[in-house]
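Because only heavy atoms are used, hydrogens play no part in the values below, and waters and symmetry mates are left out as well, while side chains stay in. Per chain, numbering begins at 1; letters A, B, ... match sequence-line order.
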Number of protein chains: 2
Amino acid sequence: MPTIQDVARHAGVSRSTVSYALSGKRSISRETQERIGAAIAELGFTPNAGARALATSQTMVIGLFVQFFEDEFSPAMLQYVLPISDAAREAGYDILMVTEADGPHAVQRILSSGMVDGVILLNVAHEDPRLPVMRKMKQPGAMVGLPRNPEGFDVFDLDFAEAGKILVDHLAERGHREVILITPRQHVYERGGAYAWRFRDAALQQAASYGIRVRSYYGQTQQPAVNDQLNQILDAREESAIIVHNDAMIAALPSVLYSRGVGVPDDVSVVGMFSEDFGRLFSLPYTAVETSPDKLGRLAVQALVQRMAGPPGATAPGVELIAPHITDRGSTR
Amino acid sequence: MPTIQDVARHAGVSRSTVSYALSGKRSISRETQERIGAAIAELGFTPNAGARALATSQTMVIGLFVQFFEDEFSPAMLQYVLPISDAAREAGYDILMVTEADGPHAVQRILSSGMVDGVILLNVAHEDPRLPVMRKMKQPGAMVGLPRNPEGFDVFDLDFAEAGKILVDHLAERGHREVILITPRQHVYERGGAYAWRFRDAALQQAASYGIRVRSYYGQTQQPAVNDQLNQILDAREESAIIVHNDAMIAALPSVLYSRGVGVPDDVSVVGMFSEDFGRLFSLPYTAVETSPDKLGRLAVQALVQRMAGPPGATAPGVELIAPHITDRGSTR
DNA sequence: CCTGTGAGTCGAACCGATTCGACTATGGTA
DNA sequence: TACCATAGTCGAATCGGTTCGACTCACAGG
């Protein structure tokens with residue numbers, strides 16, 4: 001690979017001149033500009049990323065830390081990753097994707113070696129062990145998922161409490177007095193997936209205020225347990241409506257309902273929590289709160305890019321809970 | 001962040017001594033070893049990745065180039081990405097994930113800037129425009145998907161032709177004389193998704209040798225077109241068996257069959273092409289050829305790592321088509 | 001005519017590691 | 001006793017960029 005030195009020689013100028021021609025940080029005469037351009041084209045020169053990182057302490061790489069929990073439904077994660085990757089590229093950054101099981105260790109390793117200029121954390125838990133590590137590092141961090149203490153980071157998440165209320169309201173308005181609530185797996189609550197109880201607490205409270213009786217189940221995430229449990233729940237059903245906050249359960253619901261000959265919304269009303277893409281993927285005909293993974297991912301990238309590029313003390317990082325929005329697909333009555 | 005210089009000062013030795021203590025490439029006295037270790041621990045030193053890359057011309061990063069085509073079913077891709085990421089980390093490498101739409105340009109950009117030591121290409125097309133670019137670069141490449149000219153790369157793919165034969169054999173043995181074949185979208189054939197016609201050609205040829213009549217359809221990949229088309233196909237069905245080589249179509253098949261009251265295998269036999277994970281995700285109860293995305297991904301990483309680490313002329317890179325294996329889930333008769 | 005200014009360029013220092021060659025003890029061998 | 005490996009360490013060069021300070025030259029203003 002040719003170096004900047006080769007280009008300089010070829011164009012008959014010094015290394016610094018080539019560098020300035022490339023960055024435009026000092027003025028260069030038209031003809032020198034052209035000679036350098038020709039040399040670069042002819043030699044096929046591209047600046048070496050490592051050298052540039054060393055000199056500028058900027059890598060133009062964002063670390064994307066993804067945790068794949070076995071208690072969650074994997075296709076859902078991809079909905080965040082892709083928009084983030086695209087948004088990052090649009091802003092001139094590449095993505096170092098880290099799926100290491102030991103999150104805190106991975107954060108430590110990647111950040112202290114200076115491989116990335118900033119970090120996006122997905123699937124952040126209430127007491128996420130990655131956060132204390134992040135705080136010791138100089139790179140900024142943005143995240144999707146609300147931790148107990150978000151201080152110092154740009155945090156984006158859906159307003160799950162509001163989402164819970166909206167769905168309960170939706171059913172209450174239609175006269176439902178008894179509903180089933182299917183939540184994420186119990187293990188999600190235990191390891192601190194805060195979105196789970198933010199949603200459930202708000203839904204239960206709102207239901208209570210209407211005098212609606214709620215029976216709630218921790219849902220499964222792996223087949224064949226998912227289908228078995230759905231059948232059990234439906235066997236025991238007395239309620240007229242179901243709220244599903246569990247990707248795997250709602251993805252499997254249509255076929256289980258079909259097989260039992262249960263019609264929606266004629267026999268039972270169903271509402272859920274999923275993105276439009278997810279709904280299309282699994283042909284889900286249910287009214288749902290849009291979870292907007294693409295929007296959250298892009299917001300995180302934007303905030304991070306601003307913080308990496310901009311002056312240090314621009315604005316204090318903060319939490320943004322985006323307002324949930326219901327998409328009525330006519331699955332309630 | 002502390003540098004190796006700080007460590008050296010702190011331990012009262014020279015930079016080179018610290019470096020040798022870290023790499024073990026020269027012997028260091030026990031006590032110096034310990035002083036350096038203490039200094040590193042106390043200062044929290046981690047070598048700077050950029051500087052190391054510059055000095056060694058090794059980044060310990062693998063570029064993973066993923067193309068997300070709208071004519072393909074996205075969850076399938078994740079099955080390759082995760083095992084690759086895990087395998088890479090086990091070998092000491094991190095993953096730079098590139099999803100840029102303009103593949104050749106991205107390859108050029110990343111490789112010539114020396115950001116990665118090697119490359120894995122996913123979803124390689126028959127005449128993949130990324131390959132000519134790769135050939136001009138010095139970094140080795142491994143890929144999943146068989147191109148027309150695989151020369152110079154480690155290529156891994158399922159033996160789709162054999163898979164096609166196996167499924168036809170499976171149906172032929174059970175006496176089926178007329179079958180439906182649902183393939184990937186027409187667009188996949190047009191842009192050179194070779195796996196599609198390798199499978200179809202072999203299946204058709206094998207069917208012909210048995211005197212089996214095959215009616216074949218290009219499947220859809222997006223809802224609601226998928227369900228509509230499935231219904232149309234089933235409306236016009238005269239055949240006793242269906243071979244599905246299309247992720248989106250087979251994922252939607254159970255609910256469509258349920259809704260039509262068509263039983264498997266009583267009313268129709270169904271076989272497909274999907275991985276065990278994919279089948280579990282969508283609760284697919286069909287006999288299928290296992291597509292082994294995890295195995296293919298790991299093979300690619302292993303081959304690449306060997307070529308990056310090992311001496312230049314170890315063994316000539318080559319093509320490995322892994323033997324397909326059928327999983328009988330009792331969906332045929 | 002002298003001075004100040006800005007455009008255009010160069011040389012050298014620097015970023016933080018690795019690695020080669022050379023140097024000094026130390027102990028073993030002839 | 002002289003000589004030679006070998007272990008252990010250091011200094012300096014190097015990787016390929018960026019950036020600061022200084023220099024030259026032309027031109028405008030007083």
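The distance between atom CZ of Arg9(A) and atom C1' of dG16(D), rounded to the nearest whole Å, is 13 Å. To the nearest angstrom, P of dG16(C) lies 8 Å from CG of Asp6(B). Rounded to a whole Å, the CD atom of Glu34(A) is 12 Å from the P atom of dT9(C). Between Met1(A) atom CE and dC15(D) atom C1' there is a gap of 16 Å when expressed in whole angstrom units. In this entry the distance linking CD of Gln33(B) with C1' of dT9(D) reads 13 Å, nearest Å. In this structure, CD of Gln5(B) is placed 12 Å from C1' of dG11(D), rounded to the nearest angstrom. As a whole-Å value, the separation of Leu54(A) CG from dA13(C) C1' is 13 Å. In this structure, the OH atom of Tyr20(B) is 14 Å from the C1' atom of dA7(D), given to the nearest Å.
With hydrogens and angles ignored, no donor-acceptor pair closer than 3.5 Å exists between the side chain of Arg35(B) and the base of dG8(D). In this model, no side-chain donor or acceptor of Arg15(B) finds a partner on the base of dG11(D) within 3.5 Å. The base of dG8(C) is not paired with the side chain of Ser29(A) by any donor and acceptor separated by under 3.5 Å. Between the side chain of Arg26(A) and the base of dT19(D) there is no donor-acceptor pair of N/O atoms closer than 3.5 Å.
Look at Thr32(A) and you'll find a side-chain N or O under 4.0 angstrom from OP1 or OP2 of dT9(C). Look at Thr3(A) and you won't find any side-chain N or O under 4.0 angstrom from OP1 or OP2 of dG16(D). For the OP1/OP2 pair of dT19(C) and a distance below 4.0 Å, the side-chain nitrogens and oxygens of Ser16(B) include no atom meeting the criterion. Considering only side-chain N and O atoms, Lys25(B) lies nowhere under 4.0 angstrom from the phosphate OP1 or OP2 of dT18(C). Using a 4.0 Å cut-off, some side-chain N or O of Thr17(B) falls inside it from OP1 or OP2 of dC10(D).
No side-chain heavy atom of Phe45(B) sits under 4.5 Å from any side-chain heavy atom of Asp6(B). Between Leu122(A) and Met143(A) the shortest side-chain heavy-atom distance does not fall below 4.5 Å. Looking at Met97(B) and Val66(B), their side chains come closer than 4.5 Å, going by heavy atoms from C-beta outward. The side-chain heavy atoms of Gln108(A) and Met137(A), taken from C-beta on, include a pair separated by under 4.5 Å.
In this structure, Arg130(B) is not positioned above the aromatic face of Phe65(B) in the sense of NZ or CZ being under 6.0 Å from the six-membered ring centre and within 45° of the axis.
Among the nucleotides dT19(C), dG11(C), dT19(D), the one closest to the side chain of Ser19(A) is dT19(D). Distances from the side chain of Ser14(A) to the nucleotides dG16(D), dG11(C), dC10(D) place dG11(C) closest. When distances run from any side-chain atom of Asn48(B) to the nucleotides dT9(C), dG16(C), dG17(D), the shortest one goes to dG16(C). Listed nucleotides: dG16(C), dT18(C), dG17(D). Nearest to the side chain of Phe45(A): dG17(D).
If you check every strand for non-hydrogen atoms under 4.0 Å, Thr46(B) touches sugar and phosphate atoms only.
Mapping Leu22(B) and Thr56(A) onto DNA chain C via the closest heavy atom, the residue that lands nearer the 5' end is Thr56(A). Between Ile28(B) and Ala51(A), the residue whose closest nucleotide on DNA chain D is further toward the 5' end is Ile28(B).
Closest approach of Pro2(B) and Gly44(B) over heavy atoms only: CG-O, 3.7 Å.
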